[in-house]
Enquirer: 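Dropping a structure here in structure tokens format, bear with me for questions.
Every chain is numbered from 1 and lettered A, B, ... according to where its sequence line falls, protein lines coming before strand lines. Just so we're clear, the structure is a prediction, and the values are computed from it rather than from any experiment.
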Amino acid sequence: MKSDQTYPKTEKLKSRKLIDKLFSEGRSVSKFPLRLVYLQTELPEDTIVQVAVSVSKRNFKKAVDRNRIKRLIREAYRLNKDKIKPHLETPHAFMFLYTSKEITDFHTLEKSMKKLLKKFREEAL
RNA sequence: CCGGCAGGCUACCUUAUCGUCUCUUCGGAGAAGGAAAGUCCGGACACCACAGCGCAGCAUAGCGGCUAACGGCCGUCCGUCGAAAGGCGAGGACAAGUGCAACAGAAAGUAUGUACAGGUAAUGCUGUAGUGAAACCAGGUAAACUCUAUGCGGUGAAACGCCAUGUAUACCAGCGCAGAGGAUUGCGCGUCUGAUGCUGGAGGGUAGGCGGAUUGAUCUUUACAGUAAUGUUCAGACUAGAUAAAUGAUAAGGCUCGACAGAAUCCGGCUUAUGGCCUGCCUUUUUU
């Protein structure tokens, strides 16, 4: 069976309400330069996870840089989501934050993402 | 050649794999910029009385033209800087009032000194000399107040319109009371709305969905008019439309080793950031 590497619309975290709830009630795990805020919550039917990515305007003034980092994070998650999604038993909302002030390359970010997801699995499940 | 001036073009490429968004005839097709930026001007569009009157306020400023419009653009005169190519210009009015003004000078004005001459009842009453650009006569200055001419209502796509869901009033309609308050620009006028009660209908919120939204002062091109900006015209093209917000990642190869930088209602400008390439023009000094 081919591994699931898509990132469809249904798995994007869109609801403003849910994002607010995520920040106020969610727990988090960190692995520099990433931080994952997560919350077990209600989601629409047939959806096990919804994910959003955020990069602070304070750390990256230019829109180009923010876009670049968001894309890299999204890509790193997309390629590694099969390491976490099959293990989820209840619906979760995820928010990835970028905590560094330096732009990084894809490979180091992907390593961090793998470690972060492993850490999440050990702590939360 | 060096240096200077003006203008134009361009914005790494190819292949493979995985992924995102829109459209689709389900095969596929398309997917950031010259500045997408700053939000500084001008419009379109929408609503507020299609928006009124007066005052205040703001903007512009040789002359002529272009434009939907402009504070933009084109042409031209003048001034100014430069050796030149060329650049720059808050370039209307001080024959309305008020203010300001270095040096010189007694004095730049509710002034009258010195010397000489004239004159009177008397007096700077009159003239000349002297200072100065200018001396009861004007002149300079409006990036001084001011005046003149022209233009300008407000808000801003989270505008605005429609639909769905169905909580007990902040909405709508009718009737009655009442004129507080509110809206309309800063003020005044004018206009509109309008407290609480009854009856009937249905809202707000949930950043719900759809429209607005991409076919447009559009782009390429033919001919004509015009010094030009631009206009008219022939033929063709459809060129992002997202909504927590897509346009990416990885690998390999090539080259001159890639700057500034990411659409958010849409156009016309201006300003700022920035890699590379090309064209034309100028010749003060030095060298050939």
Side-chain angles (χ1 to χ4, degrees):
Chain A
M1 180 183 163
K2 199 176 177 183
S3 61
D4 178 13
Q5 294 189 327
T6 61
Y7 185 50
K9 241 177 180 175
T10 50
E11 290 189 14
K12 281 186 194 169
L13 179 57
K14 290 179 175 180
S15 165
R16 174 64 162 262
K17 212 172 166 184
L18 204 55
I19 292 171
D20 288 343
K21 196 179 169 191
L22 179 61
F23 276 115
S24 59
E25 299 176 21
R27 304 174 59 199
S28 71
V29 287
S30 294
K31 177 73 188 94
F32 186 83
L34 294 170
R35 173 198 294 272
L36 168 61
V37 181
Y38 63 95
L39 180 70
Q40 187 178 324
T41 182
E42 296 283 317
L43 286 180
E45 253 182 87
D46 300 330
T47 307
I48 196 74
V49 65
Q50 285 197 335
V51 179
V53 170
S54 175
V55 178
S56 171
K57 213 170 193 174
R58 216 172 303 149
N59 293 344
F60 296 93
K61 211 177 154 192
K62 293 174 187 167
V64 170
D65 296 337
R66 289 198 299 276
N67 274 345
R68 168 85 185 160
I69 291 165
K70 274 151 77 174
R71 281 164 182 163
L72 290 175
I73 296 173
R74 221 176 278 141
E75 192 71 3
Y77 166 75
R78 182 178 71 78
L79 295 175
N80 293 286
K81 64 185 280 193
D82 60 327
K83 293 177 178 58
I84 180 128
K85 195 178 163 189
H87 303 283
L88 292 173
E89 290 172 358
T90 53
H92 278 71
F94 284 176
M95 170 71 79
F96 288 99
L97 301 176
Y98 192 75
T99 52
S100 170
K101 290 186 179 177
E102 306 288 325
I103 299 178
T104 187
D105 65 291
F106 178 74
H107 290 293
T108 56
L109 194 68
E110 191 181 21
K111 278 179 202 161
S112 301
M113 176 61 75
K114 284 178 178 172
K115 288 178 186 167
L116 180 71
L117 292 178
K118 193 179 172 194
K119 206 169 163 188
F120 165 76
R121 231 163 64 199
E122 288 165 355
E123 283 188 18
L125 298 180

Enquirer: Considering Watson-Crick and G-U wobble pairs with both distances under 3.5 Å, what does B:U112 pair with?
Expert: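 Base-paired to nothing in any strand shown.
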
Enquirer: Which label fits B:U250, syn or anti, where anti is any glycosidic angle not within 90° of 0?
Expert: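 In terms of base orientation relative to the sugar, B:U250 is anti.
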
Enquirer: Polar atoms only, N or O, under 3.5 Å: list the protein pairs with nucleotides 245-247 of chain B and their distances.
Expert:
| residue | atom | partner | partner atom | Å |
| --- | --- | --- | --- | --- |
| B:U247 | OP2 | A:Arg71 | NE | 2.9 |
| B:U247 | OP2 | A:Arg71 | NH2 | 3.2 |

Enquirer: Strictly by Watson-Crick or wobble contacts shorter than 3.5 Å, is anything paired with B:C277, and which nucleotide is it?
Expert: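 The base-pairing partner of B:C277, which may sit in any strand shown, is B:G8.
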
Enquirer: B:A244 C1' sits how many Å from A:Lys57 NZ, rounded?
Expert: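 That distance rounds to 13 Å.
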
Enquirer: For B:G34, does the glycosidic angle fall within 90° of 0 (syn) or outside that (anti)?
Expert: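 Nucleotide B:G34 adopts syn.
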
Enquirer: Under a 3.5 Å limit for both distances, which nucleotide forms a Watson-Crick or G-U wobble pair with B:A158, could you say?
Expert: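 Because no pair has both required distances under 3.5 Å, B:A158 counts as unpaired.
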
Enquirer: Salt bridge check, A:Arg27 against A:Glu123: does any charged N sit closer than 4.0 Å to a carboxylate O?
Expert: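 No salt bridge links A:Glu123 with A:Arg27.
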
Enquirer: If I pick the C1' atom on B:C88 and the same atom on B:C5, what distance separates them, to the nearest angstrom?
Expert: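 It comes out at 14 Å once rounded to the nearest Å.
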
Enquirer: From CZ of A:Phe60 over to P of B:A261, roughly how many Å is that when rounded to an integer?
Expert: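 For the pair A:Phe60 CZ and B:A261 P, the rounded distance is 15 Å.
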
Enquirer: Starting at atom CD1 of A:Ile103, determine the distance to atom P of B:G262, rounded to an integer number of angstrom.
Expert: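 It is 12 Å, rounded to the nearest whole Å.
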
Enquirer: Would B:G62 be called syn or anti here, given the cut-off of 90° from 0?
Expert: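 The base of B:G62 is oriented anti (glycosidic angle more than 90° from 0).
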
Enquirer: Once you apply the 3.5 Å cut-off to both distances, tell me the Watson-Crick or G-U wobble partner of B:G119, or none.
Expert: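 Partner of B:G119: none.
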
Enquirer: Would you mind reading off the distance between A:Arg66 atom CZ and B:G248 atom C1', rounded to a whole angstrom?
Expert: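 One finds 17 Å between C1' of B:G248 and CZ of A:Arg66, rounded.
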
Enquirer: Do the side chains of A:Val37 and A:Phe96 get nearer than 4.5 Å, heavy atoms only?
Expert: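 No, their side chains stay 4.5 Å or more apart.
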
Enquirer: Could you state the CD-C1' distance from A:Glu110 to B:A251, rounded to the nearest angstrom?
Expert: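 Going from CD in A:Glu110 over to C1' in B:A251 covers 13 Å.
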
Enquirer: In whole Å, I'd like the distance from the CE atom of A:Met113 to the P atom of B:G19.
Expert: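 Taking CE of A:Met113 and P of B:G19, I get 18 Å after rounding.
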
Enquirer: Go through the side-chain N and O atoms of A:Asn59 and A:Ser56 and say whether any donor and acceptor fall under 3.5 Å apart.
Expert: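 A:Asn59 vs A:Ser56: no donor-acceptor pair found between side chains.
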
Enquirer: Can you check the distance between B:C41 and B:A134, where both ends of the measurement are the P atom (answer in whole Å)?
Expert: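 These two P atoms come out 48 Å apart once rounded.
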
Enquirer: Side chains of A:Leu97 and A:Leu34, heavy atoms from C-beta outward: is any pair under 4.5 Å?
Expert: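 No, their side chains stay 4.5 Å or more apart.
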
Enquirer: For B:U14, is chi within 90° of 0 (syn) or not (anti)?
Expert: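 With its glycosidic angle more than 90° from zero, B:U14 counts as anti.
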
Enquirer: Under a 3.5 Å cut-off for both contacts, is B:U250 paired Watson-Crick or G-U wobble with anything, and if yes, with which nucleotide?
Expert: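 Partner of B:U250: B:A16.
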
Enquirer: Provide, to the nearest angstrom, the distance between the OH atom belonging to A:Tyr77 and the P atom belonging to B:U20.
Expert: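 It is 13 Å, rounded to the nearest whole Å.
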
Enquirer: Could you tell me if the side chain of A:Glu110 sits less than 4.5 Å from the side chain of A:Asn80, heavy atoms only?
Expert: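 With C-beta onward as the side chain, the pair touches.
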
Enquirer: Work out how far the P atom of B:C224 is from that of B:A264, and round it to whole angstrom.
Expert: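 Rounded to whole Å, the distance is 42 Å.
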
Enquirer: Return the nucleotide paired to B:C152: Watson-Crick means purine N1 to pyrimidine N3 with N6-O4 or O6-N4, wobble means G-U with N1-O2 and O6-N3, both under 3.5 Å.
Expert: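 The answer is B:G57, by the H-bond criterion.
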
Enquirer: What's the base orientation of B:A11: syn (chi within 90° of 0) or anti?
Expert: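 In terms of base orientation relative to the sugar, B:A11 is anti.
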
Enquirer: Any idea how A:Phe94 and A:Tyr77 line up, ring-wise: parallel (<30°), tilted (30 to 60°), or perpendicular (>60°)?
Expert: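 Rings of A:Phe94 and A:Tyr77: perpendicular, as their planes differ by over 60°.
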
Enquirer: Kindly write out the residues that satisfy side-chain contact (heavy atoms from CB on, under 4.5 Å) with A:Glu75, not counting sequence neighbours, or none if the list is empty.
Expert: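 side-chain contact (heavy atoms from CB on, under 4.5 Å) list for A:Glu75, sorted by chain: A:Arg78, A:Leu79, A:Phe106.
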
Enquirer: Scan every strand shown for a Watson-Crick or G-U wobble partner of B:G197, both distances under 3.5 Å, and answer none if you come up empty.
Expert: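 Paired with B:G197, as far as the under-3.5 Å criterion goes, is B:C175.
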
Enquirer: Specify the residue among A:Arg78 and A:Asp105 whose closest nucleotide of RNA chain B lies further upstream toward the 5′ end.
Expert: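 Whichever sits nearer the 5' end wins; that is A:Arg78.
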
Enquirer: From NZ of A:Lys62 over to P of B:A263, roughly how many Å is that when rounded to an integer?
Expert: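 That distance rounds to 14 Å.
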
Enquirer: Restricting to ring-ring contact (aromatic ring centres under 6.0 Å, His included), what partner residues turn up for A:Tyr38, sequence neighbours left out?
Expert: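 In terms of ring-ring contact (aromatic ring centres under 6.0 Å, His included), with neighbours along the sequence ignored, A:Tyr38 is linked to A:Phe120.
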
Enquirer: Nearest-nucleotide wise, let me know which of A:Leu79 and A:Asp65 is further upstream toward the 5' end of RNA chain B.
Expert: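 On the 5' side of the pair lies A:Leu79.
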
